[in-house]
Trainee: 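One structure is given below, represented as structure tokens, and several questions about it will come after.
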There are 2 protein chains.
Amino acid sequence: MSQTDTVSRILDAAEVLFAERGFTETSLRTITTTAGVNLAAVNYHFGSKKELIQAVFERFLTPFTGALAAELDRRVAAGEPLTVEGLLESLYRVGMGSLAEQGRDPQRFMRLLGLAYTQYQGHLRRFIVSRYGDSYRRFAGLLAQALPGLDPVTFYWRLYFMLGATIFTLSSYDAIEAILREDFGAQSSLPETLERLVPAAAAMLKVDSQ
Amino acid sequence: MSQTDTVSRILDAAEVLFAERGFTETSLRTITTTAGVNLAAVNYHFGSKKELIQAVFERFLTPFTGALAAELDRRVAAGEPLTVEGLLESLYRVGMGSLAEQGRDPQRFMRLLGLAYTQYQGHLRRFIVSRYGDSYRRFAGLLAQALPGLDPVTFYWRLYFMLGATIFTLSSYDAIEAILREDFGAQSSLPETLERLVPAAAAMLKVDSQ
DNA sequence: GGCCATACTAAACAACCGTTTTAAATGTTG
DNA sequence: CAACATTTAAAACGGTTGTTTAGTATGGCC
């Protein structure tokens, strides 16, 4: 078993288990046994549990923000007008695509993003902000440009409303979908849900202040 | 020290600490020492940590859903037309009021609600659904009536979008407010934020499907 | 005062946690 | 093949967790 094998087996198991139960609720022993590696391997390869958590986020946020930057570059270079709906579509499409092509589950990362906000892990928030703050600010800036005349404070509150609706809904996607399927017999796919989310989120961002 | 004293001191401490750090990250020893009671008191009065968590939720959800029911009754009895904005205002006003009058912090309960969704505590979700599911369904039903012609599946997805925006934003209210205050020097109160949230959430619910 | 149920306390319990240590195995390079 | 650095392995470390036990105090009632 080569090093990269052990490392990625740990990351794979940690990713799934963290998304399922959270960080504190997942022990290194659970991770290493489901990964089929020795307990001490985590501390050997990652140093500590904190650094393992950060590595899990790094592995999906780096390709994601990279793909988003490329997509935004492409649109800007092509001179396409950047509308609110267009930007949201880019965000969601890249989020789905950059993960799906690795055969990984988009909902899982939404759950992880939700945990990063909710859980009591100061180091994680600091890590994400310092590492990916620029990507966030660029997207937010373009979105603000697509909403001229909106005062900045209102814009940022609505940006958080939008993030909340997105992260919260998609991180519970499987549970919500199961409820709706049971109550209405109508099953909906993740792309369909995103097609519902784009106009709804756009309407929230664009509504005239009372 | 009377029984109710010890019980409510434990609940007070647990409420604050749970909201701050989550359930697993808060030990019974931390709770009991900040409450100034003996460690064994939790198991004596509540049975287990799980039941303490449920008791914390019961103490604020029961008055909240009660006040919401009364408010909805009042509006229905008065023959007031129930608009989307009106229902959201009722929801938020009751949420603020029923807690503020007890001198408790509304954001704290939003954080707890957010945790109930995010954290890996199956018993909690089951407890809340079985205990307060009726209140939820009544509010959702009235909101659906205020949105005639909207197909049910789309309505429910948007309801979750709205819940996500609300819970997510308000549970991180203090952090978001601090960021905006630093970047724009404009400080906003919780009522002001809810005034921004009502039209934004209403617009999301009401937007014509593409 | 004597009795009894309720409430509290101190101490110990077994189980689990993240991490470290020490040693064995493996792979790489001269 | 020998020497070396890297990786894996088993075992133990000290510390913390939720819970239980056994004993003490407290307050009301006959």
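Remember, predicted model here, so these are calculated numbers, not experimental data. Just so we're on the same page: letters track the sequence lines, and every chain starts at 1.
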Trainee: Using the six-membered ring wherever Trp is involved, compare the ring planes of Tyr117(A) and Phe168(B) and label them parallel, tilted or perpendicular (cut-offs 30° and 60°).
Mentor: tilted
Trainee: When the distance from CD of Glu25(B) to C1' of dC17(C) is rounded to whole Å, what number comes out?
Mentor: 13 Å
Trainee: Please determine, by modelled atom types, if Tyr120(B) and Thr26(A) share a side-chain donor-acceptor pair under 3.5 angstrom.
Mentor: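 No pair is found: no donor N or O on one side chain lies under 3.5 Å from an acceptor on the other.
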Trainee: Counting the atoms with a prime plus P, OP1 and OP2 as sugar-phosphate, which does Ala41(A) contact under 4.0 Å by heavy atoms, base, sugar-phosphate, or nothing?
Mentor: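 Nothing: the residue Ala41(A), judged by heavy atoms under 4.0 Å, touches no strand.
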Trainee: Expressed as a whole number of angstroms, how long is the span from Leu17(B):CG to dT17(D):C1'?
Mentor: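 Going from Leu17(B) (CG) to dT17(D) (C1'), I get 16 Å.
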Trainee: Indicate, with a heavy-atom threshold strictly under 4.0 Å, whether Thr24(A) touches base, sugar-phosphate, or nothing.
Mentor: nothing
Trainee: Would you indicate, yes or no, if dT16(D) has its OP1 or OP2 atom less than 4.0 angstrom from a side-chain nitrogen or oxygen of Ser27(B)?
Mentor: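 The answer is no; no side-chain N or O of Ser27(B) sits under 4.0 Å from OP1 or OP2.
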Trainee: Nearest whole angstrom, please: distance from the C1' of dA12(C) to the CG of Leu28(B).
Mentor: 16 Å
Trainee: To the nearest Å, give me how far apart CG (Asn38(B)) and C1' (dT21(D)) are.
Mentor: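 Interatomic distance, CG of Asn38(B) to C1' of dT21(D): 13 Å.
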Trainee: Checking salt bridge (Lys or Arg N to Asp or Glu O under 4.0 Å) between Asp134(A) and each of Arg137(A), Arg131(A), Arg138(A), which is the one that passes?
Mentor: Arg137(A)
Trainee: How long is the line joining NZ of Lys49(B) and P of dA15(C), in whole Å?
Mentor: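 Value for this atom pair: 19 Å.
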Trainee: Any side-chain N or O of Asn43(B) below 4.0 angstrom from OP1/OP2 of dG18(D)?
Mentor: no
Trainee: Kindly determine whether Phe57(A) and Phe127(A) satisfy ring-ring contact (aromatic ring centres under 6.0 Å, His included), including the steps that lead there.
Mentor: CA-CA 9 Å; Phe57(A) 277 83; Phe127(A) 172 79; 7.8 Å; no
Trainee: Assign Thr32(A) to base, sugar-phosphate, or nothing according to its heavy-atom contacts below 4.0 angstrom with the strands shown.
Mentor: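 If one applies the 4.0 Å heavy-atom cut-off, Thr32(A) turns out to touch nothing in the nucleic acid.
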Trainee: Answer yes or no: is there a side-chain heavy-atom contact under 4.5 Å between Ile128(A) and Arg125(A)?
Mentor: no
Trainee: Evaluate the side chain to side chain contact (heavy atoms under 4.5 Å, CB included) criterion for residues Met96(A) and Leu194(A): first the C-alpha distance (whole Å), next the side-chain angles of each, then the deciding distance (0.1 Å), finally the verdict.
Mentor: CA-CA 10 Å; Met96(A) 300 273 299; Leu194(A) 292 176; 3.5 Å; yes
Trainee: May I ask you to verify if any side-chain N or O of His45(B) is less than 4.0 angstrom from the OP1 or OP2 atom of dC8(C)?
Mentor: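 So the side chain of His45(B) is within the cut-off, an N or O lying under 4.0 Å from OP1 or OP2 of dC8(C).
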Trainee: Which whole-number value in Å describes the distance from Arg29(B) CZ to dA12(C) P?
Mentor: 13 Å
Trainee: When you check the phosphate oxygens OP1 and OP2 of dC8(C), does a side-chain N or O of Thr6(B) lie under 4.0 Å from one of them?
Mentor: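 Yes, because at least one side-chain N or O of Thr6(B) sits under 4.0 Å from OP1 or OP2 of dC8(C).
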Trainee: Check each of Thr24(B), Ile31(B), Thr30(B) against Ser27(B) using the side chain to side chain contact (heavy atoms under 4.5 Å, CB included) test, and report the only one that passes.
Mentor: Thr30(B)
Trainee: Give the dot-bracket line for DNA chain D from 5' end to 3' end: parentheses for intra-strand Watson-Crick or G-U pairs under 3.5 Å, square brackets for crossings, | for inter-strand pairing, dots for unpaired.
Mentor: ||||||||||||||||||||||||||||||
Trainee: Between P on dG23(D) and OH on Tyr44(B), what's the gap in Å once rounded to a whole number?
Mentor: 17 Å
Trainee: Between P on dT20(C) and CG on Leu39(A), what's the gap in Å once rounded to a whole number?
Mentor: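 Whole-Å distance recorded here is 12 Å.
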